[in-house]
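Just so you know, these numbers use all the heavy atoms, side chains as well, and skip hydrogens, waters and symmetry mates. No experiment lies behind these values; they were computed from the predicted model shown.
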Amino acid sequence: MRNNLYILKVAIPVPVYRLFDYLPPLDLDPKTLKPGIRLTVPFGKGQKTAFLIGIDSNSEILSAKLKRIEAVLDERPLLSDRDLSLLHWAARYYHHPLGEVFSAAFPVALRQGKPATIKAEKFYVLTEKGRLLNPEQLRRAPKQQQLLYQLQTQRDAVPASHLNAIIENWRPAAKALQDKQLLRLEGVAVNATTHLILNPQLHPNSLQQEAIEQVVSALSRFEVFLLEGVTGSGKTEVYMQVIRSVLERGLQVLVLLPEITLTPQLEQRFRLRFAVPITISHSKLTDIQRQQAWLGMQRGDYAIMLGTRSALFTPLARPGLIILDEEHDASFKQQEGFRFSARDVAVVRGKLLNVPVLLGTATPSLESVYNVEQGRYRLLHLTERAGNAAPPKMLLLDIRNKRMQEGLSEPLIAEMHKTLAKNEQVLLFLNRRGFAPTLICHGCGWVARCRRCEANMVVHYDEALLRCHHCGSEQRLLPQCPECETGQLTPLGLGTERVEKALAQLFPGRSVIRLDRDTTQRKGVLEDALERINRGDVDIILGTQMLAKGHHFPNVTLVVMLDVDSGLFSIDFHASEKLAQMIVQVSGRAGRAEKPGRVILQTRKPEHPLLTILIKDGYGRFARSALAERRLAELPPYSFQALLRVEATDSAVPLQFFEQLMQAVEPNRTVRMLGPVPAPMSRRAGRYRYQLLLQSATRPELHRFLDKLMPLIAGLKLTRKVRWSLDVDPVDLY
DNA sequence: AGCACGCCGACT
DNA sequence: GTCGGCGTGCTC
């Protein structure tokens with residue numbers, strides 16, 4: 001130990017809960033090194049990209065062991081002090097190593113130590129000649145005509161990324177226009193503030209107006225708004241008009257969406273509305289594209305970013321607003337590694353940045369409803385559907401003792417015929433892909449099981465194989481039973497593939513399209529399908545939960561949920577909330593136009609309170625009654641949970657691990673320990689899984705307990721032999 | 001997480 | 001006699 005030294009405290013992306021000490025580089029004044037900058041450090045055998053956390057005058061480490069920083073990668077930190085404290089908070093809250101939390105905040109390219117430089121984007125601008133040319137004169141070159149027309153609507157130079165988003169394969173046309181001296185390249189960014197609005201805003205109804213005004217009046221401070229509005233109530237228009245006010249103040253907007261498939265639609269709408277630089281960030285982009293988007297926001301080149309969960313930490317040069325759309329969606333919770341909730345972290349980030357956070361959804365999470373009740377969030381309720389569209393009518397169809405054909409009851413089939421006869425579309429929802437979830441031998445009762453999981457193999461007839469939906473392992477579909485070798489193998493239960501085949505029989509001459517993970521694997525398939533549906537080339541749409549998100553089907557007037565019951569009896573207390581959200585979200589796909597929509601739910605439990613409350617009184621009442629149940633059962637949000645998951649290939653090891661841990665743990669009256677118990681799926685991909693649920697009446701008590709628990713876990717020998725994870729505020733208890 | 005060190009079994 | 005199995009410990 002020595003004093004009067006500069007010791008750099010550094011976070012490294014390794015699963016270790018402490019910082020590492022290094023000596024500063026010789027050629028730089030250590031005082032100029034600011035927390036948050038990236039460094040290259042020697043670590044073990046190799047080197048790693050690390051993050052400077054602070055500078056201290058002493059070290060616990062013997063000075064002989066201290067190594068020197070290899071390189072300083074950033075002159076100044078890429079994250080603001082507030083964002084740095086957000087990362088510190090998140091590491092503490094989720095009990096995750098700081099280096100890995102930092103790593104998650106940066107795009108891959110910067111994590112790898114690439115320089116934080118921006119490629120100048122190419123901008124296109126019309127020449128004098130180009131601006132004056134009548135697009136009609138290019139009638140024989142439609143692409144060029146379209147490009148010219150688009151550029152004429154813009155007053156400034158337009159970046160290539162904008163053209164990428166609005167015109168397919170525009171580059172040859174741009175080349176042609178350049179050759180004709182109608183267009184030239186420019187290296188300068190547009191001036192984002194000269195004009196903002198390209199296309200006129202819609203006229204908001206009074207509720208939208210009220211919502212817009214409330215958020216706009218809070219634009220210079222932190223407040224959380226829950227914008228609750230059914231499909232078609234015009235949430236997006238509220239977003240856009242609020243965004244306009246943010247842009248007018250010269251500030252930036254971060255918009256988070258649950259899924260990649262939803263970004264192109266919204267991006268299009270934003271680009272048609274706003275004449276400002278917009279960028280996107282999601283996992284389908286290349287590392288370089290994401291780095292450019294991230295740095296572009298950091299420098300303030302872009303005014304709006306649309307992105308998925310991982311975009312949450314994108315630095316903002318001029319933070320103005322955070323929007324999180326479909327806030328109830330479970331994909332905002334990261335399910336591995338650093339298991340953060342983008343919704344909850346967004347709220348904390350808004351608080352630190354002193355900007356409002358706007359959460360939008362038709363089906364608020366119970367946590368958000370609770371936060372409204374507690375006065376923490378302000379509710380903005382859009383109850384009217386814009387354009388006077390009638391809300392869909394929901395109907396429970398009791399299928400007990402009804403004749404069924406492959407999951408379709410006779411009354412349902414009759415309703416479908418009626419709808420189709422009117423030249424309207426039917427949407428069938430079944431959240432199970434494959435042909436059948438079980439294959440059983442009619443002779444001896446043998447069932448096809450996964451060798452590596454505690455689960456049955458799912459029959460996929462199209463590909464003639466059995467597949468495990470939990471680990472992905474596959475087997476050829478056998479002609480006869482491997483056990484008795486005589487029995488006939490019978491598929492049991494219902495999947496989308498089976499229903500698709502039944503529909504072909506029941507509705508000959510009608511075109512059926514199936515949309516699930518199996519049919520939409522290839523790129524562009526989903527987009528093509530959606531286009532065919534909206535053109536009216538499809539009569540019956542059948543699919544899994546990918547149908548529940550975002551897409552509008554204006555000509556669908558009948559929505560059917562084939563099997564509602566499988567969601568009614570789950571051991572996970574979140575299941576009823578998720579089912580209710582699913583029902584409402586799927587219902588929202590119908591009746592968008594003037595034609596009223598209907599929703600039929602097939603059930604054998606028509607008296608189940610979840611269904612009756614939801615259908616009779618709507619989602620709001622359901623949410624309140626579900627919250628009342630949570631309160632009685634002392635479940636979140638009335639208590640606080642963390643889930644410790646442990647898995648190992650050796651079946652005895654997880655329990656031994658827990659045994660040792662429980663011996664080391666000091667008993668604590670304020671934190672209940674439920675378990676350890678086998679996980680609901682007790683074996684997965686060859687690993688035996690156990691879990692311990694921790695629950696407390698207050699968050700500080702839970703966190704104090706976890707603070708003590710983590711070093712105990714790190715200290716156990718058996719920790720090396722297991723895979724373990726801690727999930728704070730788990731949403732999926734599997 | 002990687003990676004090296006180290007102490008016991010089946011091979012040229 | 002060695003190659004390599006993975007149990008254990010460390011990384012500043």
Side-chain angles (χ1 to χ4, degrees), chain A residues 1-28 30 33-73 87-88 90-91 94-106 108 110-113 310 334-340 644-657 659-661 664 685-688 710-727:
Chain A
M1 279 211 263
R2 279 163 68 190
N3 280 333
N4 284 331
L5 259 174
Y6 289 100
I7 302 293
L8 308 191
K9 305 284 176 182
V10 152
I12 301 176
V14 286
V16 170
Y17 285 82
R18 70 189 130 84
L19 301 178
F20 293 87
D21 295 354
Y22 284 88
L23 297 170
L26 292 167
D27 55 341
L28 276 170
L33 303 176
K34 293 279 176 278
I37 58 169
R38 296 173 303 142
L39 308 162
T40 304
V41 297
F43 188 73
K45 274 291 260 177
Q47 52 181 39
K48 282 220 147 37
T49 303
F51 305 93
L52 181 62
I53 299 304
I55 300 183
D56 205 339
S57 55
N58 53 61
S59 170
E60 306 283 306
I61 304 295
L62 285 168
S63 54
K65 285 178 80 181
L66 290 179
K67 293 181 186 169
R68 199 170 290 283
I69 296 294
E70 215 144 271
V72 173
L73 296 173
L87 299 184
H88 282 270
Y94 290 103
H95 296 267
H96 201 75
L98 189 60
E100 295 198 331
V101 172
F102 264 74
S103 188
F106 285 77
V108 171
L110 294 177
R111 271 178 230 172
Q112 291 168 343
S310 58
Q334 178 126 39
Q335 287 298 2
E336 60 195 39
F338 172 29
R339 295 168 178 258
F340 67 98
L644 180 59
R645 296 183 172 86
V646 173
E647 52 179 63
T649 45
D650 183 334
S651 66
V653 166
L655 277 178
Q656 287 168 8
F657 169 90
E659 212 171 286
Q660 291 184 10
L661 185 63
R687 289 197 174 77
Y688 293 86
M710 303 314 281
L712 294 179
I713 294 172
L716 285 185
K717 284 214 164 106
L718 271 176
T719 301
R720 297 294 312 192
K721 286 178 129 185
V722 302
R723 275 198 190 176
W724 68 278
S725 69
L726 182 78
D727 193 344

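- Taking atom NE2 on A:His96 and atom C1' on B:dA1, their separation rounds to 11 Å, with Å as the unit.
- The side chain of A:Lys721 places no N or O atom within less than 4.0 Å of a non-bridging phosphate oxygen (OP1 or OP2) of C:dT8.
- Atom pair A:Lys9:NZ and C:dC12:P shows a separation of 14 Å (rounding to whole Å applied).
- Under the rule for a salt bridge (charged side-chain N to carboxylate O under 4.0 Å, His left out), the partners of A:Asp21 that lie at least two apart in sequence or sit in another chain are A:Lys9.
- Using the six-membered ring where Trp is involved, A:Phe338 and A:Phe340 have ring planes that are tilted, between 30° and 60° apart.
- Here the CG-OH distance, from A:Leu726 to A:Tyr94, works out to 11.5 Å after rounding to the nearest 0.5 Å.
- Atom-to-atom distance recorded for A:Leu23:CG and A:Tyr6:OH is 13.5 Å, nearest 0.5 angstrom.
- One can place CZ of A:Phe43 at 4 Å from C1' of C:dT11, the figure rounded to the nearest angstrom.
- A search for salt bridge (charged side-chain N to carboxylate O under 4.0 Å, His left out) contacts involving A:Arg645 returns A:Asp727, not counting sequence neighbours.
- At distances below 3.5 Å, at least one donor-acceptor pair connects side-chain atoms of A:Tyr22 with backbone N or O atoms of A:Pro42.
- A 4.5 Å side-chain heavy-atom check between A:Leu66 and A:Ile7 finds at least one atom pair inside the cut-off.
- Taking A:Val16 as the reference, A:Val14, A:Arg18, A:Phe20 meet the side chain to side chain contact (heavy atoms under 4.5 Å, CB included) condition, with sequence neighbours excluded.
- Between A:Leu716 atom CG and C:dG9 atom C1' the separation is 15 Å, expressed in whole Å.
- Residues from residues 11-23 of chain A with heavy atoms under 4.0 angstrom of DNA chain C, sorted by number: A:Val16, A:Arg18, A:Phe20, A:Asp21, A:Tyr22.
- Expressed to the nearest 0.5 Å, how far OG of A:Ser651 lies from CZ of A:Arg687 amounts to 14.0 Å.
- Residue A:Leu62 contributes atom CG, which lies 10 Å from atom P of C:dT11 at whole-angstrom precision.
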Pairs under 3.5 angstrom, nitrogen or oxygen only, protein versus nucleotides 4-9 of chain B, please.
none

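- In this structure, A:Lys717 atom NZ and C:dC10 atom C1' are separated by 15 Å, rounded to whole Å.
- Donor-acceptor pairing under 3.5 Å, judged by distance alone, is present between the side chain of A:Arg720 and the base of C:dG9.
- A straight line from CG of A:Leu718 to C1' of C:dT8 spans 12 Å, rounded to a whole angstrom.
- Rounded to whole Å, atom P of C:dC12 lies 18 Å from atom CG of A:Leu98.
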* **Watson-Crick or G-U pairs under 3.5 Å in DNA chain B, rendered as dot-bracket with [ ] for crossing pairs and | for another strand** => |||||||||||.

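- Rounding to the nearest 0.5 Å gives a distance of 11.5 Å between CD1 of A:Ile69 and CD of A:Gln47.
- Checking the phosphate oxygens (OP1, OP2) of C:dC12, no side-chain nitrogen or oxygen of A:Lys65 falls inside 4.0 Å.
- Although no hydrogens or angles enter the test, the distance criterion places no donor-acceptor pair under 3.5 Å between the side chain of A:Arg38 and the main chain of A:Ala50.
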